[in-house]
Amino acid sequence: MERYEPLKIEEKWQKIWAENETFRALDLPTAKSNGKAKMFLAEMFPYPSGAGLHVGHVRNFTIVDVLTRFYTQQEMNVLRPFGYDTFGLPAENYAIKTGISPQSATKTNIDNFRKQAKRLGLAIDWSREINTSDPEYYRWTQWCFLQLYKKGLAYRKESYQWWCPKDQTVLANEQVEGGKCWRCGEQVEKKLMKQWFFKITDYADELLEDVDALNWPEKIKTMQKNWIGRSEGAEIAFETGDKSILVFTTRPDTIYGATFLVLAPEHPLVKQIVSDNAKAAVEKYCAEAMKKSEIERQENKEKTGVFTGAYAKNPATGEEIPIWVADYVLSGYGTGAIMAVPSDDERDREFAEKFDLPIIEVIKDNQMVNSGEFTGLPNSEMRERILDWLKEKGYGERKVTYKMRDWLISRQRYWGCPIPIAYDKDGEPHPIPEDQLPVLIPEVADYKPDNTGRSALAKAEDWLKVKVLNEKTGKIEEMTRETDTLDGYACSSWYLWRYASPHDNDHAWDADDIAYWAPTDIYVGGDHAVAHLLYIRFWCKFFADQGYLPFREPVKTLLYNGYINAPDGKKMSKSKGNVIDPLDVINQGYGADTLRTYEMFIGPYDQDAAWDTKAIGGVYRFLNRCWSLTFTDAGVTTGTDTGAIRHKTIKKVTTDLHRRCFNTAVASLMEYVNELYKVGASHEDLTVLAKLLKPFAPHLASEMLEKLGEDDVWPTWDEQHFAEDEVEIMVQVNGKLRGKVSVSAESVEDADLIEKAARADANVAKYLEGGIKKVIKPAKAKLINFVV
RNA sequence: GGCCGGGUGGCGGAAUUGGUAUACGCGUUCGACUUAAAAUCGAAUGGAGUAAUCCAUACGGGUUCAAGUCCCGUCCCGGCUACCA
């Protein structure tokens with residue numbers, strides 16, 4: 001071989017790895033008994049789009065791959081599986097447009113993704129491939145649903161829901177971005193519907209409490225905390241006529257300043273309390289507010305509202321205060337009603353000023369004023385005192401509220417996991433028994449949803465009818481199936497556990513396998529900071545409570561990688577025509593090794609980076625030099641081999657991989673190669689180079705190791721090798737560098753000797769003529785500083 | 001508006017614990033090889049200055065023998081969030 005031919009080398013090794021199933025994880029009795037530590041790594045599995053891999057996938061997968069190979073070379077028991085998140089709208093929209101079934105389009109796309117992933121040389125255990133739309137997989141998604149249903153954590157509720165008129169489906173809160181559908185960008189509206197929910201709020205406290213201990217990026221942890229949004233406060237009842245309005249407040253200490261109440265337009269009591277002459281205006285206001293899209297309600301921060309004509313009694317002051325309706329109070333949070341304290345709340349103040357409502361100061365210089373019997377009390381004590389007082393008088397209670405709502409999971413779509421429920425004649429839901437799973441997705445001729453808001457599943461008339469045991473009557477009855485499917489996030493809420501025993505036909509996951517492999521040690525992704533990453537935590541805690549999992553957090557370490565943008569710094573998109581196709585990069589001759597190494601070198605993995613069409617050439621040159629050193633006589637050494645650079649490089653690359661500094665690890669390999677080019681490379685130098693290079697450029701490194709006749713076991717370093725005879729000491733005067741002196745290695749900490757040597761330096765001496773006030777020789781620093 | 005990041009050469013970025021600022025790569029320039037080009041190899045490369053030296057890590061202060069790193073203030077950029085009572 002005369003020159004570096006990446007495509008040839010890569011084809012060769014990919015074939016070898018496939019034939020030998022090189023990356024197959026050990027099966028259980030063996031894995032458990034060999035005494036090695038386990039390591040379970042995964043990327044967030046991709047949605048296999050028709051466009052194939054993009055450079056973002058490559059970055060994501062390569063991070064996992066570098067770590068997989070690193071830990072494998074360190075002889076751990078490594079599990080690195082792969083899968084596809086295949087349910088979702090693109091396949092369904094494609095089916096509506098072309099008539100090609102989602103099943104068939106998905107298969108095509110997976111085949112393409114697999115082929116492309118293999119061309120990256122990923123160290124994947126292909127025997128564990130999973131696919132969420134495979135009946136053998138979604139059978140267990142349905143089983144998971146039934147477990148939640150049995151415990152009352154899957155329930156139906158009629159409520160206003162985000163509805164996308166274009167996609168004809170309900171959307172969850174986090175699928176609405178700026179008032180628009182996350183998929184198609186259509187403006188969403190609110191619609192009253194009966195929907196399925198998972199009761200994630202039952203776990204709100206634990207999800208919040210356990211966040212802190214996670215080895216996850218602070219950014220993600222903060223986002224999760226904010227999303228859960230725990231507020232401690234009180235619920236207080238305000239009497240109006242024979243009714244009572246419950247409000248939620250985090251500031252019960254300011255109750256003497258509550259000069260009016262505000263109800264959300266959706267609040268059920270509005271209709272009941274409104275006075276006759278206010279009725280028309282209130283009805284008009286509520287109707288308009290509810291019609292308005294949330295985005296309009298948000299954009300227009302100008303306060304609007306209308307007086308109901310009714311009054312309620314402030315339990316603290318005994319005063320009658322007016323009840324208003326305004327859309328700045330949200331129906332979904334707290335009780336959908338507030339006590340307004342314009343003196344201490346910016347929004348209430350704005351409202352009061354606009355509608356000329358009274359404002360009463362209750363806190364002055366941290367002391368309570370105008371607060372009845374509490375006047376004069378320090379504000380810091382007021383909170384607890386008033387809470388006790390409210391409770392004692394029966395007006396209110398301590399209460400914790402969350403911003404997080406229950407997880408809406410029903411989707412009026414065809415291409416999703418069918419919800420395993422059927423309805424009896426009275427419309428009551430019944431679970432499909434576990435032994436009748438999976439509820440298969442029926443074939444239909446037309447994938448369009450019907451205009452009643454039901455998915456295309458409703459068109460499969462035979463499928464709709466099912467005989468199910470009615471657990472109340474004890475009889476098998478003919479029922480009608482649920483036509484909603486599950487949110488795709490449900491399918492991805494348990495897939496990490498399926499990897500432990502992907503072929504288990506009797507369980508979602510095997511108890512022994514899960515106990516050994518899970519939780520996932522390192523999980524890598526660049527998306528889903530709250531949604532997916534919160535849902536897997538929720539399911540983990542739920543299944544732990546049911547005794548199915550021996551741990552309460554699914555992911556120990558989360559690496560959140562940045563995006564790769566186009567060379568112009570903008571997001572890559574087909575419409576802008578600035579997309580870099582990773583397969584093009586490989587095929588034009590760079591090969592997968594260069595692509596992988598470049599994406600690791602591009603910058604810190606957790607930062608966004610712009611693709612640089614030129615810079616990738618530098619990485620290619622680097623790999624080319626590695627090849628040359630090994631396969632031509634360019635690098636054969638004749639010089640003395642102290643091993644200093646070699647051992648320094650082993651240390652640097654190893655510690656950099658532990659702290660996930662992939663870019664500087666590559667940089668130090670480049671320095672190493674540059675040095676070997678200068679001084680020549682020994683067999684040992686080349687062996688170490690190939691071993692350290694293997695996580696990044698596995699094909700080339702394998703080729704090198706084969707030539708060298710060496711294994712790939714991760715090398716260790718010995719500090720003794722990089723102890724130098726002579727050490728250069730920086731000489732500063734008043735903190736400025738004025739000279740350098742060399743001393744023998746054993747004198748590095750000998751301050752007197754160094755001082756003497758430094759003063760002998762002519763340039764330094766010049767600065768010391770005026771006399772020395774102080775000499776500082778910090779330990780562990782090759783530096784001396786004279787203060788003059 | 002709130003919270004969290006960040007601001008270092010022409011560019012991407014290094015600097016792990018307060019101790020040689022600018023590693024590595026790109027680009028640029030020069031040289032070698034070549035009929036020539038590409039590729040490859042070598043050298044130089046923050047700014048000013050003949051030099052000693054001075055000035056440079058967004059800006060202004062501070063702490064320290066010593067600050068890109070710590071503290072205070074200001075400006076700018078990015079992300080998330082957005083009337084959550």
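Each chain gets a letter, A, B and so on, in the order the sequences are listed, and its residues count up from 1. Since we're looking at a predicted model, the values are computed, not measured.
The existence of a salt bridge linking Lys614(A) and Asp612(A) is excluded, since no basic side-chain nitrogen approaches an acidic carboxylate oxygen closer than 4.0 Å.
Look at rG73(B): its Watson-Crick or wobble partner, with both distances under 3.5 angstrom, is rC59(B). Both distances falling under 3.5 Å, in either a Watson-Crick or a G-U wobble arrangement, occur for no nucleotide opposite rU34(B). Across all strands shown, rU17(B) forms no Watson-Crick or G-U wobble pair with both distances under 3.5 Å.
In the model, Asp344(A) has no side-chain atom that pairs as donor or acceptor with a side-chain atom of Thr254(A) under 3.5 Å.
A cation-pi arrangement is present between Arg625(A) and Tyr677(A), with the terminal nitrogen or guanidinium carbon under 6.0 Å from the aromatic centre and inside a 45° cone about the axis. Figure legend: Arg596(A) and Phe696(A) shown without cation-pi pairing, the cationic atom not lying both under 6.0 angstrom from the six-membered ring centre and within 45 degrees of its axis.
Going from the C1' atom of rU64(B) to that of rG79(B) covers 35 Å, rounded to whole Å. On the C1' atoms, rA58(B) is 16 Å away from rG5(B), given to the nearest whole Å.
The side chain of Asp612(A) has rC26(B) as its nearest neighbour among rC26(B), rC24(B), rC80(B). Checking rC65(B), rC24(B), rA85(B) against every side-chain atom of Lys774(A), the shortest atom distance belongs to rC65(B). The side chain of Arg621(A) sits closest to rC26(B) out of rA14(B), rC24(B), rC26(B). When the nucleotides rC83(B), rG13(B), rA85(B) are ranked by their closest atom to the side chain of Pro604(A), rG13(B) comes out on top. Nearest to the side chain of Tyr677(A), among rC24(B), rG42(B), rG25(B), sits rG42(B). Among the nucleotides rA14(B), rG25(B), rU40(B), the one closest to any side-chain atom of Asn674(A) is rG25(B).
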Can you name the atoms? Protein N/O to nucleotides 48-53 of chain B N/O, anything below 3.5 Å, with the distance.
unit_1  : atom_1 : unit_2    : atom_2 : d
rA52(B) : O2'    : Lys766(A) : NZ     : 3.3
rU53(B) : OP1    : Asn763(A) : OD1    : 3.3
rU53(B) : OP1    : Asn763(A) : ND2    : 3.1

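The distance from atom SG of Cys661(A) to atom NZ of Lys652(A), rounded to the nearest 0.5 Å, is 7.0 Å. Atom-to-atom distance recorded for Tyr620(A):OH and Trp627(A):CH2 is 9.5 Å, nearest 0.5 angstrom.
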Q. Nucleotide by nucleotide, 5' to 3', does protein get under 4.0 Å of the base (B), only the sugar-phosphate (S), or neither (-) in nucleotides 15-20 of chain B, counting heavy atoms?
A. SB--BB
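Where Gly617(A) and Asp608(A) meet RNA chain B, the nucleotide closest to each residue was compared, and Asp608(A) sits on the side nearer the 5' end. Both Thr222(A) and Lys614(A) lie close to RNA chain B; mapped to their nearest nucleotides by heavy-atom distance, the more 5′-ward contact belongs to Thr222(A).
When each of Glu350(A), Glu346(A), Glu353(A) is tested with Lys303(A) by the rule salt bridge (Lys or Arg N to Asp or Glu O under 4.0 Å), just one qualifies, namely Glu350(A).
Distance alone, capped at 3.5 Å, places no donor-acceptor pair between the Tyr328(A) side chain and the Phe351(A) backbone.
Rounded to whole Å, atom P of rG25(B) lies 12 Å from atom CG of Leu669(A).
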